[in-house]
Number of protein chains: 2
Amino acid sequence: MSNPTLRQISMLELIPRAPRKTYTKKLKEQLSDRGYDVDERTIQRDLVSLERVLPLICDDRDKPYGWSWTEEGLGIQAPAMDPIEALTISLAEQYLEPIMPKASFKRIGYFFKRANNVLKDTSPRLINRWRNRVRVLPEMLRFKNPILNKSAEQALYKATFEGQQIRALYRKRGDTKSSLRHIHPLGLVMKGSINYLICMMDEDKENPRYLPLHRFESVEILDEKIREPKDFDLDEFTHTNNLSFEYSKKLYTFKALFDFTAAAHLMETPLNGTQKIEKKIDGRLLVSARMTDTLQFEQWLKSFGADVEILEPKKLRDKFKKLASDLTEKYF
Amino acid sequence: MSNPTLRQISMLELIPRAPRKTYTKKLKEQLSDRGYDVDERTIQRDLVSLERVLPLICDDRDKPYGWSWTEEGLGIQAPAMDPIEALTISLAEQYLEPIMPKASFKRIGYFFKRANNVLKDTSPRLINRWRNRVRVLPEMLRFKNPILNKSAEQALYKATFEGQQIRALYRKRGDTKSSLRHIHPLGLVMKGSINYLICMMDEDKENPRYLPLHRFESVEILDEKIREPKDFDLDEFTHTNNLSFEYSKKLYTFKALFDFTAAAHLMETPLNGTQKIEKKIDGRLLVSARMTDTLQFEQWLKSFGADVEILEPKKLRDKFKKLASDLTEKYF
DNA sequence: TTCCACAGCGACATAATCTGTCGCTTCTTG
DNA sequence: CAAGAAGCGACAGATTATGTCGCTGTGGAA
């Protein structure tokens, strides 16, 4: 089909958003790859005519002119979002906002803007109601995010993605000054308010380390591929270094008596599929489940204070026994 | 400008995704609103010619034919995502997946699909590396999500959005059978694995209630606007009903001694802007901050076990004193 | 400087297309 | 069965799209 419409749509999809640009030559090639064999002159004409009606800009300071979509221009999206979809996205926005790195969140902001535009168009009164009537609440205490250097962060992402070595100014915990290091990035781990770079450093050529992103002061991407330990497995690494706790392999049978009101929610949101629950005569709930042995689970139990009595495993019960005496010692 | 390209792009934006459809008549009007005054015949021709090259479908079982984009078709997006943007979105996907209602997450899945497509095109090797090298780890214990009825959930969303009354089969906590209720939805609150409908019920015409979505068995949207209490404020409601804890207004000055290793992270991710931290001679950290009086904060403190000693406020210290004796009583 | 390559642009002629109109057909509905 | 609605084929004239060519200005190399 030699329909100009399709060719022009393809072309519009090939034009990047400012500040990146593309050029007629490049467009000609890319369009040719997609089966549109046209003269460069035609592309020029198309660009000029589309520029008049769409938020395109042409950088004519240098001579192959550089074409891009304007930074904030709305572009084209078909099919348009329907209202329910837009609502869902605006909900996703509420979920993401507090937990995602600020810079990343901003980068996809135009997308949320588009969703909100759709909602505005359909019915400003309804969208307002939605705004006022839906909340995503934090499940737990949120800490302040560490301050981090945006350009360093971006560079770390890029280097990890492309597998390039870096040279970076990194400040060790406790140190006030940062020092220059040569690093092979292996991966990224986001956990709560802290994100970590998993990497090899010159000090230890065997074992990867994890470094919080906010301790990087500046990052320079080197023109050299990373050297990685063979069979490196990020999940295994996070597990053995206590970053993750989902994949722990040690299992035990857990049994405890919970105060009814404090643990009633376990009836509807069980710990996992193995959980069993039984109401005792004194009103307490006997909960049992196969659990992995993790720090987080212990912390969760401790947060119940005196509303839980651990029965099994004995080791865990002993820990709580010790906790009781430790606390007594502290406060009496 | 009588350029067919632009008109056709506009038209593509006006065609909804299946199962919704649109019709030539309707398109003619909408295009006319946008300044494209063309014959219906032209629109028909455009549709047929675009159908051949784009994932459009025409439902010709009935006679104004219904046009839509196919359910999974990729549509048009310009400007295209650049790779970094696509990475960011694929990261957002990792953040959202565990915490967002499954149905909602699926609804915007096409968007993540698009991002992943961009990445695949740029470099399949790199995207694979990214997949293997980036993890979003849960910060805390995740419970199993309650099972919920998808159509009921969708209806609750819709009714809340549109402000319509509903008639629903709702199962009270503890009950095995559900009963029919007449409800005025006021809002939605998502908190961890449980989502709540805030609403007025016939039993109590004064005070809103909150009902977990997973206890709804079926929902029928009525053709009647909700009656809402005047000056209803969702934030105030969540606050007074202990759903949220961020906006509590009671403030106190908190002081405690933390074990160094257990609380070192507070130096980088402070509780809030008012936090002060001081290293004592015995190695412990004296942390002080203005805090709101919330259950969650107390739970967080309890999760430290014997690694924290509360100094102020006295009330809180007393609670921990009582905790110590309660635990001793339980375990000795 | 001069020369050359490159990119953009205007002009032009022709082929290709786009589009409104009309009339026929098919289907539904009362 | 009549009327109306929607789709579709055909047609013709107007419009547009496109390749080609040659001119111009710019910038770098000789």
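These numbers come from the heavy atoms of this one structure, side chains and all, not from hydrogens, waters or symmetry mates. A note on names: the letters A, B, ... follow the listed sequences, proteins ahead of strands, and every chain is numbered from 1.
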Requested in this report: Report the C-alpha separation of A:L186 and A:I226 in whole Å, then their side-chain angles, then the decisive distance to 0.1 Å, and conclude whether the side-chain contact (heavy atoms from CB on, under 4.5 Å) test is met.
Outcome: CA-CA 8 Å; A:L186 297 175; A:I226 54 165; 4.2 Å; yes
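- Rounded to whole angstrom, the span from the CD atom of A:Q44 across to the P atom of C:dC6 amounts to 15 Å.
- In this model, the phosphate group of C:dC18 is not approached by any side-chain N or O of B:R7 to a distance below 4.0 Å at OP1 or OP2.
- Remark: B:R133 is not positioned above the aromatic ring of A:F161, lacking an NZ or CZ atom under 6.0 angstrom from the ring centre and at most 45 degrees off the axis.
- Looking at B:E71 and B:R20, no side-chain N of the basic residue comes within less than 4.0 Å of a carboxylate O on the acidic one, giving no salt bridge.
- To the nearest angstrom, P of C:dC18 lies 12 Å from CG of A:L6.
- Per the geometry, CD belonging to B:Q8 stands 11 Å off C1' belonging to C:dT17, to the nearest Å.
- By the 4.0 Å N-to-carboxylate-O rule, B:R7 lies close enough to B:D46 to be salt-bridged with it.
- At a threshold of 4.0 Å, the pair A:K21-A:D59 counts as salt-bridged, since one of the basic side-chain nitrogens sits closer than that to a carboxylate oxygen.
- Between B:Y95 and A:Y95, the gap from one ring centroid to the other reaches at least 6.0 Å.
- A:R167 and A:E220 are joined by a salt bridge, as a carboxylate oxygen and a charged side-chain nitrogen come within less than 4.0 angstrom of each other.
- One atom, CZ of B:R61, and another, C1' of C:dT26, lie 19 Å apart when rounded to the nearest Å.
- Contact annotation: A:T24 side-chain N/O to C:dG8 OP1/OP2 distance is under 4.0 Å.
- With C:dA7, C:dT19, D:dA6 as the choices, the nucleotide that has an atom nearest any side-chain atom of A:K25 turns out to be C:dA7.
- Atom-to-atom, CG of B:L47 to P of D:dG7 comes out at 9 Å; the value is rounded to the nearest Å.
- Rounded to an integer number of Å, the gap from CG of A:D60 to C1' of D:dG25 is 14 Å.
- C:dG8 atom P lies 11 Å from atom CG of A:D59, rounded to whole Å.
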Under 3.5 Å, N/O pairs linking protein and nucleotides 20-24 of chain C:
from: C:dG20; atom 1: OP2; to: B:D39; atom 2: N; distance (Å): 3.0
from: C:dG20; atom 1: OP2; to: B:T42; atom 2: OG1; distance (Å): 2.6
from: C:dG20; atom 1: N7; to: B:R45; atom 2: NH2; distance (Å): 2.9
from: C:dG20; atom 1: O6; to: B:R45; atom 2: NH1; distance (Å): 3.0
from: C:dG20; atom 1: O6; to: B:R45; atom 2: NH2; distance (Å): 3.4

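- Taking atom OH on B:Y23 and atom C1' on D:dA5, their separation rounds to 15 Å, with Å as the unit.
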